[in-house]
J.: 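Below: one structure in structure tokens.
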Amino acid sequence: MGEALVTRLIAQKIYQPSEIVVSEPQEQRRSFLKQQYGVQVTTDNRVVALETPIVLLAVKPQVFDAIATELVDIVAKSVVVPPLLVSILAGVPLSKLEAAFPQLPIIRAMPNTPATVGAGITAISLGSYTDERHQKTAQQLFSAVGEVVVVPETLMDAVTGLSGSGPAYVAIMVEALSDGGVAAGLPRAIATQMALQTVRGTVQLLQETGMHPAELKDRVTSPGGTTIAGVAQLEQAGFRSALIAAVQAAKKRSQELGS
Ligand SMILES: NC(=O)c1ccc[n+]([C@@H]2O[C@H](COP(=O)([O-])OP(=O)(O)OC[C@H]3O[C@@H](n4cnc5c(N)ncnc54)[C@H](OP(=O)(O)O)[C@@H]3O)[C@@H](O)[C@H]2O)c1
């Protein structure tokens, strides 16, 4: 996820490669990142924290305690102004981040996997020491990998249930549509191409027209026709309520993991 951000921040000229410092423990990855993107690299997380105005934490949540210990005095040691800390660590709340880095402006962000191809949606929540400038910076940062919404942190578990886990639900739907096509006689490659493009095209149509999804469904269901026969089958199988329950179950699991 860190690499996805770096790639797109550079491609969109939001930052110059020379402005970005990546701390990466593995020698091979370090050389790759330096060569591929022209960024500065280091093995020392303190270099990033002390020398850059924005520190993006993009390690696994299990590594957080070690990083926090390493960077514990970055506020005191900051030469100019304390950096803005942006964390994408799933399940690590602002209270924990702010306890580790007292009085630092901190933003908690939750991108999703399509961010790696620039089509993500990131929810951000603002810490107690942030101001409008920090919010704008984080919005600009994550706009490089897709859309950005600002939510109170209390909604982060719901965000996880919908946009965080959602790519898996949609992937299952695409796979199942393709299976349906094969069951109906289509070759697999054509069935998958049709499933993918039908999902993509429908999303684009809804986004570009602003049409309510129910209206689009009504427009393609003619009386006694094929689509209503399919829709009736989906309703009988509980498709709609299964999706609602999936988002709620993932939200609940996110709450359990965070507590
Ligand atoms: N992937 C997603 O779709 C997604 C979505 C939302 C949130 N997130 C969050 O994003 C974070 C990163 O996830 P990811 O999937 O990108 O994981 P990842 O591919 O494992 O990336 C973590 C990076 O941190 C590096 N690292 C490990 N220990 C370090 C240390 N002590 N100091 C500095 N760097 C260190 C790793 O280096 P090595 O590879 O060399 O060990 C690796 O480059 C996680 O907290 C996750 O919860 C991810």
Side-chain angles (χ1 to χ4, degrees), residues 1-9 20-37 39-52 54-74 83 85-97 100-101 106-125 138-139 141-151 153 155-172 247 250-251 253-259:
M1 189 57 81
E3 186 183 349
L5 275 158
V6 165
T7 319
R8 284 172 193 275
L9 285 168
I20 300 175
V21 187
V22 178
S23 179
E24 159 63 51
Q26 270 190 52
E27 162 63 37
Q28 217 185 344
R29 285 282 296 155
R30 256 195 328 278
S31 318
F32 167 78
L33 292 166
K34 191 178 164 70
Q35 207 173 4
Q36 183 78 11
Y37 304 114
V39 295
Q40 303 174 59
V41 290
T42 177
T43 48
D44 186 354
N45 293 323
R46 293 177 61 80
V47 169
V48 180
L50 291 170
E51 293 181 9
T52 62
I54 306 163
V55 178
L56 176 73
L57 280 188
V59 295
K60 293 280 191 206
Q62 307 86 281
V63 186
F64 176 70
D65 288 337
I67 300 272
T69 310
E70 244 178 281
L71 304 183
V72 71
D73 57 350
I74 56 172
L85 192 83
V86 180
S87 163
I88 61 166
L89 277 58
V92 178
L94 279 168
S95 57
K96 188 167 178 181
L97 293 162
F101 303 104
I106 301 180
I107 288 180
R108 177 180 172 194
M110 182 69 188
N112 64 354
T113 313
T116 55
V117 292
I121 182 155
T122 303
I124 59 173
S125 299
Q139 280 173 316
L141 195 71
F142 290 104
S143 69
V145 290
E147 297 182 5
V148 185
V149 292
V150 183
V151 298
E153 196 186 19
L155 294 182
M156 272 298 183
D157 293 311
V159 165
T160 305
L162 178 49
S163 61
S165 305
Y169 316 151
V170 176
I172 290 170
V247 175
K251 174 196 166 182
R253 187 69 188 128
S254 174
Q255 283 170 329
E256 287 165 3
L257 291 173
S259 59

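Ligands are counted one by one from 1 in listed order, and the atoms in each one are counted from 1 as well. One-based numbering along the sequence shown.
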J.: Could you check if a side-chain atom of Ser125 sits within less than 4.5 angstrom of a side-chain atom of Ile107, using non-hydrogen atoms only?
T.: no
J.: Listing by chain and number, which residues have a heavy atom under 4.0 Å from ligand 1?
T.: Met1, Ser23, Glu24, Pro25, Gln26, Asn45, Ala58, Val59, Lys60, Pro61, Val63, Ile67, Ile88, Leu89, Ala90, Pro111, Thr113
J.: What pair of heavy atoms forms the shortest contact from Gln139 to Val150, and how long is it?
T.: NE2-CG2, 3.5 Å
J.: Determine whether Tyr37 and Glu3 make a side-chain contact, defined as any pair of heavy atoms from C-beta on separated by less than 4.5 Å.
T.: yes
J.: Using a cut-off of 6.0 Å, state whether more than 12 heavy atoms not belonging to Glu70 lie near its atom CD.
T.: yes
J.: Please check if the side chain of Glu153 supplies one atom and the backbone of Pro93 the other of a donor-acceptor pair under 3.5 Å.
T.: no
J.: Using a strict 4.0 Å threshold on nitrogen-to-oxygen distance, state whether Arg46 and Glu51 make a salt bridge.
T.: no
